Amino acid sequence: MNSQTTETLTKYAQNKYKYGFVTNIESDRPKKGLDEEIIKFISQKKDEPEWMLSWRLACYKKWLKMSDPQWANLKFPEIDYQDIYYYSAPKDFEEKPKDLSEVDPKLIETYNKLGIPLEEQKVLAGVAVDAVFDSVSVATTYKGELEKLGIVFCSISEAVKTHPELVKKYLGSVIPPGDHSFSALNSAVFTDGSFVYIPENVKCPMELSTYFRINAEETGQFERTLIIADKGSYVSYLEGCTAPQRDTNQLHAANVELIALENAEIKYSTVQNWYPGDEDGKGGIYNFVTKRGLCKGKNSKISWTQVETGSAVTWKYPSCILKGDNSVGEFYSVAITNNFQQADTGTKMTHIGKNTRSKIISKGISLGQSQNTYRGNVSFLRKADKARNYTQCDSLLVGNKCGAHTIPYIDSKNNSAIIEHEASTSKINEDQLYYCRQRGLSHEEAVSLIVNGFCKQVLQELPMEFAVEAQKLVSISLEGSVG
Amino acid sequence: MIFLNINNLNVSIEGKKILDDFNISINEGEVHAIMGPNGCGKSTLANVLAGNEEYEVSSGKVIFKDQNLLDLNIEERSQKGLFLAFQYPVEIPGVNITPFLHASINSKLKNDKKPELDNLSFAKLLRKNAEELGISSDMLKRSINTGFSGGEKKRYEILQMSILNPDLTIFDETDSGLDVDALRIVTEGINKFKDSKKSFLIITHYQKLLDYIHPDYVHVMRNGKIVKSGDISLASEIEASGYQNF
C-alpha cells in the first residue's frame with residue numbers, strides 16, 4: 001500500500017467514525033426519563049470504570065426511595081423526572097447558531113453592557129467557533145504552568161480515569177448521595193464538572209475558573225465538582241461567568257464538594273446568571289444546587305462568595321462543616337430577585353471542632369413581584385468549645401409587591417458558643433434617590449448605585465476582575481424594575 | 001435670557017399651602033439671600049426648585065434659562081445647571097464619592113453635548129478640588145456622608161458643587177449645625193467658586209452666613225411669600241430685632 005492510499009483510508013476511517021457518531025447521537029437521546037439503562041448508558045458514554053457505574057447505580061436506588069425536599073419557601077409545579085433528557089452529547093456544529101446574528105439580540109445587548117469581547121460572546125452564546133482564539137490559548141498556557149506545580153485541574157470525567165484514588169476517596173464524602181433527593185439524583189446521573197487537586201503546601205498562583213476550562217463544551221445540567229486542597233495549600237476558584245448563559249435545560253441540580261485539609265484554604269466564588277424567565281414569569285431555570293465544604297483539618301478555611309441574580313427558582317445553601325479545630329467558614333451572599341423570580345438561599349455552618357469560627361453576610365434584594373428568602377442554619381455540636389458565629393442578614397425591598405424573608409435556625413449543644421445575629425429589612429430610601437437624582441443621575445442609575453453600595457460588603461470579597469463585572473451585573477439585574 | 005423667574009408660584013403639601021403667590025427674579029451672576037422664620041416656606045422653595053416630588057405645585061410659573069423648569073424632572077434640572085446644597089445631606093452606605101460624582105458630572109457633560117471625562121481626568125479634578133477644600137484623601141475613600149460630622153457633610157456638598165459647576169446654586173440652611181470654624185471653611189469654598197456668571201440663592205435663618213458671603217439682595221419671607229426686599233442692611237435689621245417687624 002502506498003502512502004497516499006493509507007492517507008485516504010485513514011480519512012475514510014475517520015469519516016466513517018464521524019458518521020457512526022452522528023448515528024449515535026440519535027440513540028444518544030433515545031428517550032426521556034430515568035432508569036438503570038440510562039445510567040449505564042451515561043457511564044458507558046464516558047467510558048467509566050466499573051466502580052463508578054456501581055456507585056451511580058447505588059445512588060439511583062437511593063433516589064428512588066426519596067422525595068424532594070419541601071421545606072423551602074418556593075412555589076413551582078412538581079418536577080416530572082421522566083420528562084427530562086439525562087444525557088445529551090455535545091452539540092454538533094450544524095446545530096449551533098452560525099453567528100451572533102442568529103442569537104437572541106437581548107442576550108447580545110447584555111454581553112455588550114458587560115463589555116465582553118466579541119470572540120468570547122460567540123463562545124458564551126454557543127456559536128460554532130472553529131478558530132483558536134485568545135482564551136483557549138490562554139487556557140493552554142495556564143495548564144502548563146499548573147502542571148509544573150503538580151496541580152490537577154481537569155474535568156471530573158477525566159479525573160475518574162486519571163486520579164481514581166482521589167475521586168474514590170472524596171466523591172460523596174462531603175455530600176452523601178443519600179443526603180437529599182437532589183444529591184442522590186446528581187450522583188446517579190452527573191455528566192461533567194471540574195476536578196481540582198492542590199498538592200501539599202502549594203499556593204495556586206492564579207484563580208482557577210471553569211470559564212477557561214470548559215466553555216466550549218457543554219457542562220450539562222447535572223454538574224459535579226470536586227475540589228481538594230491538601231495540607232497547607234491555597235486555591236481560589238471561580239465558577240461560571242457573569243454573562244447570561246444560553247441554556248435550554250429546565251432543571252439544574254449541581255453538586256459541589258470542597259475538602260480543605262490541615263492549614264489549607266479554599267475560596268469559592270460564584271456568579272450565577274442563568275435565565276430567570278421573562279417579565280411575566282414564563283420559562284426560566286430551576287436551580288437546585290448543593291454546595292458543601294468540609295474543613296477537615298486543623299486551621300483550615302473555606303469561604304463561599306455568591307452573587308445570585310438568575311434562575312426562575314433558586315434553592316441553594318453553600319455550607320461549611322467545621323470539623324478541624326480552629327477552622328473557619330465564611331459565606332458572603334448577594335441574591336437579587338426581580339419580576340417573578342424566587343430565591344430560597346442561605347447557608348449552613350456546622351461547628352464540630354474547638355474554636356471554630358463562622359461568618360455569614362447575606363444581602364437580599366427583592367424587586368418586582370419576586371420572593372427572596374434567606375435561610376440559615378448555624379449549629380454547634382457538643383465538642384465545639386468556644387466556637388463563634390457572626391451572622392448579618394440585610395434585606396432591601398424595591399417597590400411594594402415583593403417579599404423578603406429571613407429564617408435563621410440556631411442550635412447549640414455547647415454552652416461556650418458565642419452567637420451574634422443581626423438582621424435588617426428596609427425599603428429603598430426615597431431621600432437617597434432624591435439626593436442622587438439632584439446630582440444628575442437618573443432614577444435607574446440611582447437605584448443601581450444604592451443597591452451596589454448595599455452589596456459592597458459582599459462584592460468586595462470577589463476577586464478583583466470578577467467584582468467589577470458583578471457590579472455591572474447587579475445594575476443590569478435591576479433594569480426595568482423601577483419607573 | 002431669563003435666568004430665573006418665579007411667577008405667582010403656589011405650592012402645597014398634603015393640602016396645606018406653603019408657598020403663596022411667591023415671586024422672585026434672579027439674574028446671572030447675582031447672589032440673593034432669603035431669610036425668614038421657621039416654617040415660612042424657605043426650604044419648600046429650595047426643594048420645589050430642585051423638583052422634589054413630594055410637593056404639589058398648584059399654579060404659577062418658573063422659568064430657568066429660558067425653559068419651563070416645572071416641565072423637567074429632578075435629574076434634568078440638575079443637568080441643566082441647578083444644584084441644591086442640602087440642609088441634611090443623606091448618608092449613602094457603601095457608595096464612594098468617586099464613581100458617584102463621576103457619573104454625575106458625565107451626565108451633565110452629556111446633556112451639554114460635551115465630551116465626558118475619563119477616569120484619570122476625573123480623579124485629578126476631584127483630588128485638586130478636594131485639596132482646596134481641605135478634604136483629605138482618607139475622607140474621599142469613605143462612603144458618601146456616612147458617619148460624617150455636620151461640617152464634613154457640608155464640605156462634601158461644596159466639593160460636589162465645585163465639580164459639577166452649576167449656574168445656579170441653592171444653599172438650604174447650609175449654616176445650620178456648623179460651628180464658626182466649619183462655617184468659615186465652607187464659605188471660603190463658596191467664595192472661591194463665585195464668579196460673574198454664577199448665581200446663588202442662599203436660604204438662611206441667621207445673618208451669620210451673610211457676613212462671609214455678601215449677597216446683592218436680601219429678601220424677607222413670611223407665610224409663603226416675600227414681604228420685603230432690600231440690601232444687606234435688611235439682614236442687620238433682622239439680626240437686631242428679629243422677624244416680628246415684618
Side-chain angles (χ1 to χ4, degrees), chain A residues 113 115 307 332-334 336 361-365 392-396 398 422 424-462 464 467-472 474-475 478 482-483, chain B residues 46-47 49-55 72-112 116 119 142-146 153 156-157 159-161 163-166 169-170 172:
Chain A
K113 280 182 190 155
V307 176
Y332 300 94
S333 168
V334 168
I336 303 177
I361 308 283
S362 162
K363 305 275 183 178
I365 299 127
Q392 185 191 335
C393 295
D394 298 318
S395 307
L396 187 68
V398 184
E422 288 179 30
S424 76
T425 302
S426 52
K427 281 194 79 167
I428 198 153
N429 187 324
E430 286 298 326
D431 288 342
Q432 290 175 333
L433 288 174
Y434 177 39
Y435 189 87
C436 295
R437 292 178 69 194
Q438 207 300 304
R439 300 305 187 241
L441 304 179
S442 69
H443 198 286
E444 222 164 69
E445 284 174 308
V447 169
S448 148
L449 197 79
I450 293 164
V451 170
N452 262 304
F454 176 77
C455 306
K456 198 184 177 190
Q457 236 181 324
V458 173
L459 296 180
Q460 69 191 10
E461 292 297 323
L462 290 169
M464 189 59 180
V468 176
E469 280 193 38
Q471 266 186 28
K472 286 189 204 160
V474 167
S475 308
L478 302 171
V482 284
Chain B
N47 284 300
L49 290 177
N52 191 321
E53 287 149 356
E54 280 173 42
Y55 299 89
L72 308 177
N73 67 24
I74 306 170
E75 55 268 32
E76 288 164 340
R77 297 179 193 203
S78 164
Q79 288 158 7
K80 211 172 156 52
L82 186 147
F83 184 94
L84 172 61
F86 285 88
Q87 184 175 5
Y88 305 110
V90 66
E91 301 192 350
I92 311 181
V95 178
N96 182 269
I97 187 97
T98 308
F100 172 73
L101 206 49
H102 193 185
S104 298
I105 178 94
N106 278 346
S107 77
K108 184 161 188 257
L109 291 169
K110 203 170 164 187
N111 193 264
D112 294 345
E116 296 179 23
N119 285 338
R142 289 158 64 185
S143 299
I144 294 168
N145 298 326
T146 308
K153 283 183 182 172
Y156 242 52
E157 294 291 288
L159 172 66
Q160 294 176 47
M161 175 193 74
I163 300 263
L164 295 177
N165 199 22
T169 305
I170 303 163
D172 186 10

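Quick caveat, the model's predicted, so the values are computed rather than measured. Chain identifiers are assigned alphabetically (A, B, ...) following the order of the sequence lines, protein sequences preceding nucleic acid strands; residue numbering begins at 1 within each chain.
- There is no contact between B:Pro166 and chain A, counting heavy-atom distances below 4.5 Å.
- Counting heavy atoms from C-beta on, the side chains of A:Cys436 and B:Ile92 come closer than 4.5 Å.
- Put simply, of A:Gln438, A:Gln457, A:Glu430, A:Glu445, the one with the most heavy-atom pairs under 4.5 Å next to chain B is A:Gln438.
- In this structure, chain B has a heavy atom under 4.5 Å from the backbone of A:Phe454, while its side chain stays farther away.
- The existence of a salt bridge linking B:Glu76 and A:Arg437 is excluded, since no basic side-chain nitrogen approaches an acidic carboxylate oxygen closer than 4.0 Å.
- Closest approach of B:Ala103 and A:Leu441 over heavy atoms only: CB-CD2, 3.5 Å.
- Nearest heavy-atom pair across B:Val95 and A:Leu449 is CG2-O, 3.3 Å.
- Heavy atoms of A:Cys455 lying under 4.5 Å from chain B are absent altogether.
- When only modelled atom types and interatomic distance are considered, A:Tyr434 and B:Asn47 share a side-chain donor-acceptor pair under 3.5 Å.
- The number of heavy-atom neighbours closer than 6.0 Å to CD of A:Gln460, taken from other residues, nucleotides and ligands shown, is above 12.
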| said: Apply side chain to side chain contact (heavy atoms under 4.5 Å, CB included) to residues B:Leu164 and A:Arg439 and explain how you reach the verdict. | reply: CA-CA 8 Å; B:Leu164 295 177; A:Arg439 300 305 187 241; 4.0 Å; yes
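- Counting only heavy atoms from C-beta outward, the side chains of B:Phe100 and A:Tyr435 approach each other to under 4.5 Å.
- For the pair A:Gln471 and B:Pro99, the minimum side-chain heavy-atom distance is 4.5 Å or more.
- Nearest heavy-atom pair, A:Gly440 versus B:Ser107, reported as atom, atom and distance to 0.1 Å: O-OG, 3.0 Å.
- If you measure heavy-atom distances from B:Leu82 to chain A, the contacts under 4.5 Å come from both the backbone and the side chain.
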